[in-house]
Visitor: 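I have a structure I would like to understand better, so I am pasting it below and will then ask my questions one at a time.
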Protein chains: 2
Amino acid sequence: MPPPSPTSAHSPPPPSLTPPAHRLRHALLDMLADKAVGHGTRLPSERQMMASFGTTRITLREALTLLEAEGRIYRENRRGWFVSPPRLRYDLLACLPFREMVESQQRRADTYVLEATRRPASARIAARLGIMEATPVYHIVRARHVDGRPVLHVEHHLRTDCFPGILDHDLESRSLTELYRSHYGIRVSRVSFELCSTVLDERAADALRAAAGGPAQRVTRINYDQNGRAIDCDDELWRHDAIELTLSAAPQSGS
Amino acid sequence: MPPPSPTSAHSPPPPSLTPPAHRLRHALLDMLADKAVGHGTRLPSERQMMASFGTTRITLREALTLLEAEGRIYRENRRGWFVSPPRLRYDLLACLPFREMVESQQRRADTYVLEATRRPASARIAARLGIMEATPVYHIVRARHVDGRPVLHVEHHLRTDCFPGILDHDLESRSLTELYRSHYGIRVSRVSFELCSTVLDERAADALRAAAGGPAQRVTRINYDQNGRAIDCDDELWRHDAIELTLSAAPQSGS
DNA sequence: GAGTGGTCTAGACCACGTT
DNA sequence: ACGTGGTCTAGACCACTCG
């Protein structure tokens, strides 16, 4: 039955001049704002919303995806949609250990080690660390949570000659930079970053209870010691709605 | 490791046990890689691809949207899909004028002034500049292109007491920071940034020939002079596939 | 086992860009 | 005027989560 122009038979939501997607977006925003839906609250099921807003699944999903891209909601793989908590502020040059950064913002931090091995450096890693390809490096992969929500998947590669035996330490409770200093007498004296917006790969995605292909912020970092030698490098993948990067410094005069 | 489907194959042509979306993604990637599709090339029309890959419009669009999120392709509003050029490297602390940054990477820069007015500062702008709300500021909005592609929508707010009459200069050809120095004897001696990944708002979207809601990288900046006084602030919205932010500095010891 | 999100089908109409 | 992308309809099946 292609409805040519019935125009009124079944109108719970009065007709509209604005496109459904817009109305939907606003309706959802109202829901996020008006109700007592706090951070981390789960939204009603898609079918429920679809019924109560009088739309199709696809249209609804498009509106939800838009809000996700805006960073107002996020989804957990096959578990539903949730209201995004405020972004964590991540000061790139403060170089605070994760736990301290999080706790200084009145949030709770948890870390889980997914992998801690020694293995030969790939060409890419070797280049970043300034060592020969296939030289052994320590490889540490961790998932980090804020207020119980997994938001960061990070992979570290450390020079073994700088940090012998570091894998024997407790890598869930202790910060790496703190270990560097207290056990190895090494301080980070320069950092360099590359930041770009991409998607979660499969590994990161399931560590973050997310779907591969979801929006992500990549932060790659190389740490240097006082002699200008690269001592380790990180690859961080953040859920894109979870952070806001900040930084304050004097511009470089040279060049 | 979730091995639900028998094939987690990453081989080029996985016949038809893998879900359509995966096959599609790989087919499209092959297209991007194998063919002589250079940067900026337009992809075939959706209906054409849909036919040649044997899928539905929706499924195809999902695959395209994924590649867009990865930064491999982008779309221009109602004009089609295009192959993303390599990302421009944007060194946050180099503080190079846009044109120089772009040209130093063998690309071509263009700037278009969309607005150049004097108007009272909003509460938000006033707070960032450390002035009273409703104090007049110069408001400059520009669109910036790389190799003919619009990639950046940027809004500047300048203190009028620092830069009297600056609107009379040619703001399309000359860089602001260069004007600051040459005409006003003011040098930027400190910058602070906030970076976060969001979406294009409507204004930015149509300046960038994009659709509102497309993925974007926001860069907000405040520039300070040698006395620590905020002299201007920027709000930049980049097409997210167009840039990679970089930065290298000594971590802050204090605090 | 019920209900959820994830995925997919097979169409359609519209507004706009390009010809 | 035609073809494009943008949007929408009205379903369906599956894999997974959760009670």
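Keep in mind the model is a prediction, meaning the values are calculated, not measured. Order of the sequence lines sets the chain letters (A, B, ...), proteins ahead of strands, with each chain counted from 1.
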Visitor: For a quick check, tell me whether the side chain of Arg47(B) and the base of dG5(D) share a donor-acceptor pair closer than 3.5 Å.
Guide: yes
Visitor: Using 0.5 Å steps for rounding, measure from the CG atom of Leu32(A) to the OG1 atom of Thr41(A).
Guide: 9.5 Å
Visitor: Between atom CG in Leu60(B) and atom P in dC8(C), what is the gap in whole Å?
Guide: 12 Å
Visitor: Report the distance from atom CD of Gln48(A) to atom P of dA2(C), rounded to the nearest whole Å.
Guide: 18 Å
Visitor: Met50(A) has an atom CE; how far is it from atom C1' of dG11(D), in whole Å?
Guide: 9 Å
Visitor: Arg209(B) CZ to dG5(D) P: how many Å, rounded?
Guide: 16 Å
Visitor: Below 30° counts as parallel, above 60° as perpendicular, anything between as tilted: where do the rings of Phe98(B) and Trp238(B) land?
Guide: tilted
Visitor: Taking the side chain of Arg78(A) as heavy atoms from C-beta outward, which of dT4(D), dC16(D), dT9(C) is closest to it?
Guide: dC16(D)
Visitor: The side chain of Arg42(A) is closest to which nucleotide in this list: dC18(D), dT9(C), dT4(C)?
Guide: dT4(C)
Visitor: Would you kindly give the CD1-to-P distance between Ile73(B) and dG5(D), to the nearest whole Å?
Guide: 11 Å
Visitor: Taking only side-chain N and O atoms of Thr55(A), does any of them lie within less than 4.0 angstrom of OP1 or OP2 on dT9(D)?
Guide: no
Visitor: Suppose we call a contact any N or O donor and acceptor under 3.5 Å apart; does that hold for the side chain of Arg57(A) and the base of dG11(D)?
Guide: no
Visitor: Would you kindly give the CD-to-P distance between Glu68(B) and dG5(D), to the nearest whole Å?
Guide: 14 Å
Visitor: Where the side chain of Glu46(B) is concerned, which of dG5(C), dC8(C), dG5(D) is the nearest nucleotide?
Guide: dG5(D)
Visitor: Ile58(A) CD1 to dA12(C) P: how many Å, rounded?
Guide: 16 Å
Visitor: State whether Ser45(A) places a side-chain N or O below 4.0 Å from either non-bridging phosphate oxygen (OP1 or OP2) of dT4(C).
Guide: yes
Visitor: Take Asn77(B) and Asn77(A), find for each the nucleotide of DNA chain D with the closest heavy atom, and name the residue whose nucleotide sits nearer the 5' end.
Guide: Asn77(B)
Visitor: Whole Å only: how far is the CD atom of Glu62(B) from the P atom of dC8(C)?
Guide: 6 Å
Visitor: Without hydrogens or angle criteria, can the side chains of Ser84(B) and Arg72(B) be said to hold a donor-acceptor pair below 3.5 Å?
Guide: no
Visitor: Under 3.5 Å, is there a donor-acceptor pair linking the side chains of Tyr90(A) and Gln217(A)?
Guide: no
Visitor: Could you state the interatomic distance from OG (Ser122(B)) to CZ (Arg128(B)), rounded to the nearest 0.5 Å?
Guide: 8.5 Å
Visitor: OP1, OP2 of dT7(C) versus side-chain N and O of Arg23(B): anything below 4.0 Å?
Guide: no
